[in-house]
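Reviewing the structure listed below.
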Amino acid sequence: MGAGRGCGKFGNMEVPAVNLKAIVLVHWLLTTWGCLGLPPSYAWGNFTVLAVGVWAIAQRESIDAIIMFLTGLLITILLDIINISLFYPRGSSLTDLQRFDAGMAIFSLLLKPLSCLFVYQMYRERGGEYVVNLDLESSSDSRFTCDGFLSVGRERSSYQSIDQQDAPCPYPDLDSKPAPHPF
């Protein structure tokens, strides 16, 4: 069964189509509720990434917007773990509000890997093909390199430009006709 419109293949598993607007909306709602008891760093990190998500919604064909949103989601997973572990309300007598906002922040954190999977699928649908090479050799065709140890970029070895044409011959008449005899 091939991948049809709206579904993609991720490894051996079919990934259902999920709207990017729904992902941003759900995480916005959970982040808003999670901000009730967590520090401003939680809000700044998550709302900044959600702003990039809005950019990815507005620029439907942009590969850069969707990869930045995916990267931001991955980074906020780590930041959320740090914020929740440091600022989780301590004590045996937690208020309902403290339980609710901590629960929403944890639920958002648990949902982010699934959201990353869906956003990665959207990135692939937009034509993105990201390659990470950990080689000791330098790659000349990657967009970003770091002393030949780490190269991250799009694979361009099979890319053929249709914009460039062969250079025209400066004297087209000489190639098509034999040279006239001088006498």
Side-chain angles (χ1 to χ4, degrees), residues 7-134 142-147 149-154:
C7 290
K9 193 155 180 121
F10 188 80
N12 293 330
M13 177 176 73
E14 289 289 326
V15 179
V18 175
N19 193 341
L20 186 59
K21 293 175 189 175
I23 292 172
V24 171
L25 179 67
V26 166
H27 283 289
W28 174 80
L29 188 62
L30 294 173
T31 299
T32 302
W33 287 336
C35 286
L36 297 174
L38 289 172
S41 62
Y42 177 81
W44 275 103
N46 282 287
F47 285 129
T48 302
V49 170
L50 291 174
V52 174
V54 170
W55 174 41
I57 291 169
Q59 300 289 325
R60 294 179 189 267
E61 300 299 320
S62 174
I63 295 174
D64 292 335
I66 198 78
I67 194 67
M68 287 180 65
F69 182 53
L70 177 61
T71 304
L73 281 175
L74 291 169
I75 290 170
T76 57
I77 289 173
L78 177 65
L79 295 177
D80 288 358
I81 291 170
I82 292 169
N83 277 316
I84 292 170
S85 64
L86 290 177
F87 296 101
Y88 186 79
R90 309 256 189 271
S92 60
S93 60
L94 297 176
T95 65
D96 290 338
L97 178 64
Q98 289 175 321
R99 272 190 240 114
F100 178 76
D101 62 76
M104 293 300 108
I106 292 169
F107 184 55
S108 176
L109 175 61
L110 293 174
L111 207 58
K112 280 185 183 178
L114 184 63
S115 296
C116 287
L117 176 70
F118 292 135
V119 171
Y120 177 74
Q121 183 61 34
M122 291 173 205
Y123 167 70
R124 296 292 302 231
E125 288 173 359
R126 289 185 184 191
E129 190 172 325
Y130 223 61
V131 178
V132 177
N133 294 324
L134 295 174
S142 64
R143 289 179 61 185
F144 312 103
T145 59
C146 177
D147 297 331
F149 176 69
L150 173 66
S151 64
V152 179
R154 295 183 188 136

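- Contact of the H27 side chain with the L111 side chain is registered, since non-hydrogen atoms from C-beta on lie closer than 4.5 Å.
- Applying the side chain to side chain contact (heavy atoms under 4.5 Å, CB included) rule to L86 yields the partners I82; only residues at least two apart in sequence or on another chain are considered.
- Interatomic distance, I84 CD1 to S108 OG, rounded to the nearest 0.5 Å: 7.5 Å.
- For R60, there are no side-chain hydrogen bond (donor to acceptor under 3.5 Å, both in side chains) partners two or more places apart in sequence or in a different chain.
- The distance from the CG atom of D101 to the CG atom of L30 is 12.0 Å, given to the nearest 0.5 Å.
- Residues satisfying the side chain to side chain contact (heavy atoms under 4.5 Å, CB included) test with A51, not counting sequence neighbours, are none.
- Remark: L110 engages I106 in a side chain to side chain contact (heavy atoms under 4.5 Å, CB included) (not counting sequence neighbours).
- Residue F47 places its CZ atom among more than 12 non-hydrogen atoms of other residues, nucleotides or ligands, all under 6.0 Å distant.
- Distance CG/L79 to CG/L109: 10.5 Å, rounded to 0.5 Å.
- Taking the salt bridge (charged side-chain N to carboxylate O under 4.0 Å, His left out) definition, one finds that D80 meets it with K112, sequence neighbours left out.
- Between the SG atom of C116 and the CG atom of L73 there is a distance of 4.5 Å, given to the nearest 0.5 Å.
- Here OH of Y123 is found 8.5 Å from CG of D64. Values are rounded to the nearest 0.5 Å.
- Heavy atoms only, all atoms of each residue included: V52 and A65 are closest at CG1-O, 3.9 Å.
- Applying the side-chain hydrogen bond (donor to acceptor under 3.5 Å, both in side chains) test to every pair with at least one member in residues 29-45, sequence neighbours left out, gives these pairs: S41-N83.
- Residue W55 places its CH2 atom among more than 12 non-hydrogen atoms of other residues, nucleotides or ligands, all under 6.0 Å distant.
- If you take CD1 on I63 and CE on M122, they are separated by 15.0 Å, rounding to the nearest 0.5 Å.
- Listed by chain and number, the residues in a side chain to side chain contact (heavy atoms under 4.5 Å, CB included) with I57 are L20, K21, V24 (sequence neighbours excluded).
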